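A short write-up of the structure that comes next.
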2 protein chains.
Amino acid sequence: MTIGLAPGPRVRKAVPVNSLRSEYALDDVDWRILTELQRDGRLSFNELGRRIHLSAPSVADRVRKLEQAGVITGYRAVVDPQRAGHGITAFVQLRCALGSCLLRTGRAADYPEVVEIHKLSGAHCTILKLRATTLAHLEGVIEQLGRHGEMHTHVVLSTQFDEPTVSRPGTVDRPVTPATGWTSPAD
Amino acid sequence: MTIGLAPGPRVRKAVPVNSLRSEYALDDVDWRILTELQRDGRLSFNELGRRIHLSAPSVADRVRKLEQAGVITGYRAVVDPQRAGHGITAFVQLRCALGSCLLRTGRAADYPEVVEIHKLSGAHCTILKLRATTLAHLEGVIEQLGRHGEMHTHVVLSTQFDEPTVSRPGTVDRPVTPATGWTSPAD
DNA sequence: ATTGAAATTGATTGTCA
DNA sequence: TGACAATCAATTTCAAT
């Protein structure tokens, strides 16, 4: 009963990552949809409508508009890095040498270990989030990256919280998701 | 055709976050499933099986095992923070005062703005990722957080890459997802 | 693990308020 | 815009090979 119940078609495509830079105004209904869909991205229009008290055709329309407006950029399964063999997480701050900035030269995205790249204000121009299988693995990546400039490495000992969910601006309804599934690399 | 095609049932529940600390060994098939499901979390067993050349019942079985093993922890819609009104992202490093460590006292998870909490090695004991609607908003949060210890704030100017996807350890098949939908707070 | 069949559920359409 | 009802299509699941 906990397991899958019923069959039925569901073929909505992942996401046409169309970028319409229109300022889509989100109302209450939109936010309820986003909340539910961030909690369970596989909800059917039927079930979703049931939860937010709206008819299936209506929610379908809303969802499509949210997708086309670029608010919803996709649907994905969330994989626990630990259980998938990527036990090590690290943050790397680096100040790029002018000529060899990682963002321009090395194509940091070429490293599968690089999960995030952000340009920052402050002394260090960039912060990277890395994910590696072992410390040895991490060491290798760090070594490679080191060529792109001065860097500071911070190895994550444990992750207390990691919830990409976007919540409604004026609301403090964080679903209090305890760090389930997130553990120390050493535990 | 780009839009939804066909109807059909799909009621698989979000995720029984059961924590079975069994070392589930992932083989090639598992990784192909994870890859596809991370790309499109709404794939049906049929379509998924079609893509990895496996029968629907088989993939269903696999997926269920991956869920129960805690490898797949959920399915969620991905929302673009920018388009959802959260234009500001920031990293905060803080060294907790012994008595008032954020992780123990303040329940950092109570702040909806706190999206990630990691304990670190190195001088600063913790790194937080924040998400706010405006700089003023961020300022307020920072101020609150400041009571928990010495901290360094880094505001994200732009995000080049943000792909939570977990890739197969030995593989370098990163889908080269350009920073679509990720832009500077100021653009 | 695959193939087949049955049952169920979901998506979509058109119409009305 | 949303709700309702009906049609159609695809999926899930179960059985047996």
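It should be emphasised that the depicted structure is a prediction, and the values quoted were computed from it without experimental measurement. Because only heavy atoms are used, hydrogens play no part in the values below, and waters and symmetry mates are left out as well, while side chains stay in.
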Between the side chain of A/Asp40 and the main-chain N/O of A/Leu37, is any donor-acceptor distance below 3.5 Å?
no
Under 3.5 Å donor-acceptor, B/His86 side chain and A/Ser167 backbone:
yes
Quick one about A/Gln38 and B/Tyr75 (side-chain donor to acceptor, distance below 3.5 Å, no hydrogens or angles considered), yes or no?
no
Side-chain donor-acceptor contact under 3.5 Å, B/Glu139 with B/His137:
no
Does a salt bridge link B/Glu36 with B/Arg39, judged by any charged N lying under 4.0 Å from a carboxylate O?
yes
B/Arg32 bridged to B/Asp28 by N-O distance under 4.0 Å:
no
[N] phosphate, OP1 or OP2, under 4.0 Å from [X] side-chain N/O:
{"X": "B/Arg42", "N": "D/dT11", "result": "no"}
{"X": "B/Arg64", "N": "D/dT12", "result": "no"}
{"X": "B/Asn46", "N": "D/dT11", "result": "yes"}

How long is the straight-line distance from CG of B/Leu120 back to OG1 of B/Thr126, given to the nearest 0.5 Å?
6.5 Å
Identify all pairs in which a protein N or O lies below 3.5 Å from an N or O of nucleotides 3-6 of chain D, and state each distance.
from  : atom 1 : to      : atom 2 : distance (Å)
D/dA3 : OP2    : A/Ser55 : N      : 2.7
D/dA3 : OP2    : A/Ser55 : OG     : 2.8
D/dA3 : OP2    : A/Ser58 : OG     : 3.2

Per atom distances to the B/Arg62 side chain, the nearest of D/dT1, C/dA1, C/dG10 is C/dA1
Which residues pass the side-chain hydrogen bond (donor to acceptor under 3.5 Å, both in side chains) test with A/Gln144, not counting sequence neighbours?
A/Arg147
Can you pull out how bent the helix from C/dA1-D/dT17 to C/dA17-D/dT1 is, comparing the axes over its first five and last five pairs, to 10°?
40°
